[in-house]
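Structure first, then comments.
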Amino acid sequence: QVRLVESGGGLVQAGESLTLSCAASGRGFSIDDMGWYRQAPGKQRELVARITIRGRTNFADSVEGRFTISRDNTKNTIYLQMNSLKPEDTAVYYCRVTGRDVLRDLMYLEVWGQGTLVTVSS
């Protein structure tokens, strides 16, 4: 059982920065990778950034160079540092974790957080 809690969203002005956090809690879950997705009204949910257990990262072209994803393994937490925010970054941001349930023969699991809203005004 794993639960994800996102925080850090809010209202900011274009050009400013925000940092999102996603804390994972639970037992018997071996994490493979964690990532951030976002969904704007009327649009498909899209990948923003992802970090694997080996530390490899991947970013959407639209945020490359502006966003940074990091991980603190001691706290089971990932962060999304968002710089130079633009109005088009406005969306609900979701944390996603994949891994294996150690207590159920390594059954594959996908867990999503509840989402945190980021609004960027011009």
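Scanning for ring-ring contact (aromatic ring centres under 6.0 Å, His included) contacts around Phe59 gives an empty result, with sequence neighbours left out. For Glu46, the side-chain contact (heavy atoms from CB on, under 4.5 Å) partners at least two apart in sequence or on another chain are Arg38.
Distance alone, capped at 3.5 Å, is enough to place a donor-acceptor pair between the Asp101 side chain and the Leu103 backbone. In this structure a side-chain-to-backbone donor-acceptor pair under 3.5 Å is missing from Gln81 to Ile69. Side-chain N or O atoms of Glu6 include none that pairs as donor or acceptor with a backbone N or O of Thr116 at under 3.5 Å. Side-chain atoms of Arg66 come within 3.5 Å of backbone atoms of Ser84 as a donor-acceptor pair (strictly under, hydrogens ignored).
In this structure, CG in Asn58 is found 5.5 Å from CZ in Arg50, a value given to the nearest 0.5 Å. Interatomic distance, Glu88 CD to Lys43 NZ, rounded to the nearest 0.5 Å: 8.5 Å. Taken to the nearest 0.5 Å, the CZ atom of Phe29 stands 11.0 Å off from the CG atom of Leu106. Put simply, CG on Leu20 and OG on Ser7 are 8.0 Å apart, with the number rounded to the nearest 0.5 Å. Asp33 CG to Ile53 CD1: the interatomic distance, rounded to the nearest 0.5 Å, is 9.0 Å. Of the inter-residue distances, the one linking Ile78 atom CD1 with Cys95 atom SG reads 4.0 Å to the nearest 0.5 angstrom.
In this structure, Glu110 places its CD atom where more than 12 heavy-atom neighbours from other residues, nucleotides or ligands lie under 6.0 Å away. By the neighbour-count criterion of 12 heavy atoms within 6.0 Å, atom CZ of Arg45 is densely surrounded, having more than that number from other residues, nucleotides or ligands.
Looking at Leu80 and Thr19, their side chains never come closer than 4.5 Å, going by heavy atoms from C-beta outward. Residues Leu85 and Leu18 meet the side-chain proximity criterion, which asks for heavy atoms closer than 4.5 Å. In this structure, Val102 and Arg100 have side chains that are not in contact, with every pair of non-hydrogen atoms separated by 4.5 Å or more.
A single hydrophobic cluster is not seen to contain both Val92 and Val118; linkage of ILVMFWY side chains at heavy-atom distances under 4.5 Å, directly or through other members, places them apart. There is a path of hydrophobic side-chain contacts, each under 4.5 Å, that joins Val48 to Val12. Connection of Val63 to Met34 is established within a shared hydrophobic cluster, with ILVMFWY side chains joined at heavy-atom distances below 4.5 Å, either directly or through further cluster members. Under a hydrophobic-cluster definition in which Ile, Leu, Val, Met, Phe, Trp and Tyr are linked whenever side-chain heavy atoms come within less than 4.5 Å, directly or via other members, Val97 and Tyr94 are assigned to different clusters.
Heavy atoms only, all atoms of each residue included: Gln114 and Val5 are closest at OE1-CA, 3.9 Å. Residues Leu4 and Ala24 come closest through the heavy atom pair CD2-CB, 3.5 Å. Residues Ala40 and Ala91 approach most closely at N-CB, 3.8 Å, considering heavy atoms.
Taking the six-membered ring where tryptophan is involved, the planes of Phe67 and Tyr93 are tilted, since the angle between them lies from 30° to 60°.
Cation-pi check for Arg71 over Tyr79 is not met; the charged atom does not lie both under 6.0 angstrom from the ring centroid and within 45 degrees of its normal.
Sorted by first then second residue, the disulfide (SG to SG under 2.5 Å) pairs that include residues 47-88, not counting sequence neighbours, number zero.
Side-chain N/O atoms of Ser17 and Asn83 include a donor and acceptor closer than 3.5 Å. Of the N and O atoms on the side chains of Thr77 and Asp72, not one donor lies less than 3.5 Å from an acceptor on the other residue. For the residue pair Thr119/Thr90, the side-chain donor-acceptor check at 3.5 Å is not satisfied.
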